[in-house]
Amino acid sequence: MPRKAQVFLTFDVEDPVTPASDDAVVWLADLLREKGVSAAFFVTGDKARALVGRRRLDVIEALRGHDIGYHTNHHSTHPTVAEYLESYGWADGVAEVVRRERSGADLIRDLSGQQLCGFATAGTSWGPQVPGALADLNIPAHVHSFSRTGGSHNPHWYAGALCFARSEAIGPVEDDLQDPARFADLIGRLPQIIRRAARSQDRVLHLYIGHPTIFVNQEFWDGLNYASGRNPEPGTDLAAPPPRSSASTRTMLNNLAQLVDAVRAVPEAEFVALSDLVASRRTTPAFPQGWFATALSEAAGPDIRTTSRLLSPAQLLYTLCRAIQGEDVDRAGPGGEVLGPVEHPEPAEQADHPTWLDDKQLRKVAESVCRTVAATGALPTLARTDGIAVPVATLYGSLLDLVTRRPVDTLSSLPGRMPLSARTELPPIADEISEHYARRVRRWMHRPDLNVTELTRLTRAQTWSLRAAVAA
Ligand SMILES: [Zn+2]
C-alpha cells in the first residue's frame, strides 16, 4: 500500500444575493455525493438567513453526508472581522468574536442538525482572536488561517485552535475549472502535487474548490456591494453580479467531476472528510517516560523551534518554569495549550534587566510565569520579580542554554547564578507570519484606513503557541 495523501475539498457558501447560487450548492453537493466524496461547505450566517427567507432549506438538506462549517456571520459587510477587531486586544477581542459570530454559528447548527466541522476565514479578514474564540463557539478547527509553522506543518495548533494554513491550500480551483488551458495544466500537475503531499510528514492536501456562486455568476456578489469599506445604503437592494452562461456552468461542473476522477486515479491519494481529518488530528500526543528531555532536545538550537509535535514554545517555557518550582513534570505531563503573551508590553520596562539571575531570582521569575499562565492561560510578556522584568524570550533562551549544559532532572536544584542570554526575539517564523498577515489583510474588503498594528502584534505574539498537529 503506498503512503497516501489525505485529500479534502472545501467550498465557501456566502452569496445571499443571487437565488441561482442556492441551486449551485445543490448541484455541487449532489455531484460530489454521486462521486462518493464528502466535501466541506462553509456557510455564512447571512447565506443561511437568505435560504430561510427564500424557503430554500432543501439546500441545507442537500448537504447531508457532507461536512458543514461556518464562514462568519456577515462576511464582507462592514465592519468585517479585522475591522471589528481593529481596536481590541486579546481577551476583549476573543469576546467580541464570540459575541458577533455566535448567532450565525448557532443558526447553521440548528438548521442542519449537524456539528460544525470548522471556521473558514472570510476573504482576507482575520485576526488571531478568531482561532482564540473557536473553543467558546464549539468549533473544532480553523481553515484558511493566516498562521503557519514555517515547516509546512498543516494542520498545526495556533492560539489554542487546530488550524489549516491558507498558504497550504491549492486553489481556489474554480479559476482553473473555467479555463481549458488552466484546467489541463492543473490535471497535468495533480499527480505530482498529490505525491508531494503523500511524502510530506502531514500527508494533508487541501483542495479549495472555491465558491458555488462562481459556478453560476461571472463575478463575486460582495465586490460589487462592499468595496472601499462602505455598506450599501440601507433599504436599497444589493447589486447582483452578471450571470454565467449555462454552458459555462456545465463546463465547470464537468471539469470538477473530472478533477475528482483524476485525484482517484493517483494511487497515492485518498479522499477524506474534513471532520474525520480534524478528529484524527485533535488527539493529544503521547508523553512516554522521558518526554521532557525529548522536548528539550527538540527545542535546543539557535532558533526557537515551532514545529515540535510535543510542545509549543509557550508550553515548554511553562513546563521549564514548573520544573524549577520543583514539580515532577515528567510525571505530571505538560498541561493544556498555553497562549503567547497577550498583554501589551511596556517598552520602557523591557529596556534593561540584569545580565544574570541568582537562584532565588530565577525561582521567583519562574513562579511569576506559572502564576500568569494559571490565571490567564497565556505567558506574560515579562517575567517579573522585585524590580526585575525579563522578556520571556530571554528567559526561554537562557533556560534552554542552562538545561543543555546540565541534566534535566537537576532543574529543581539550580546553579548559584544563571546568565541571561541576549535573545529577546520570537521564533523566526513570527516575522513571516506577521508580515504575511499585514500584507494580506490590506485588501478591498476593508476600510482603506484600517489600522492593523495591534492585530499584527497579537498575530506575532501567538507564534509562541505554535505546535505541529499529531496524526492519530
Ligand atoms: Zn468567503
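Whatever order the structure lists ligands and atoms in, that order sets their numbers, starting from 1. We count residues from 1, following the sequence as given.
- Every residue was checked against the salt bridge (charged side-chain N to carboxylate O under 4.0 Å, His left out) condition with D237, not counting sequence neighbours, and none meets it.
- Side-chain contact annotation: D106 with S103, donor-acceptor N/O pair under 3.5 Å absent.
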### Task
Run the numbers on H74 and Y84 for side-chain contact (heavy atoms from CB on, under 4.5 Å), then give the verdict.
CA-CA 12 Å; H74 307 299; Y84 73 61; over 6 Å; no
For T121 and F146, what are the C-alpha separation, side-chain angles and deciding distance, and is it a side-chain contact (heavy atoms from CB on, under 4.5 Å)?
CA-CA 9 Å; T121 303; F146 278 57; 4.0 Å; yes
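- Around the Zn ion (ligand 1), protein N, O or S atoms at less than 2.8 Å comprise E14 OE1, H71 NE2, H75 NE2.
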* Could you walk me through whether V278 and R282 pass the side-chain contact (heavy atoms from CB on, under 4.5 Å) check? -> CA-CA 6 Å; V278 166; R282 282 187 62 90; 3.7 Å; yes
One pair to check against side-chain contact (heavy atoms from CB on, under 4.5 Å): V25 and F11. What are the steps and the verdict? CA-CA 9 Å; V25 178; F11 294 89; over 6 Å; no
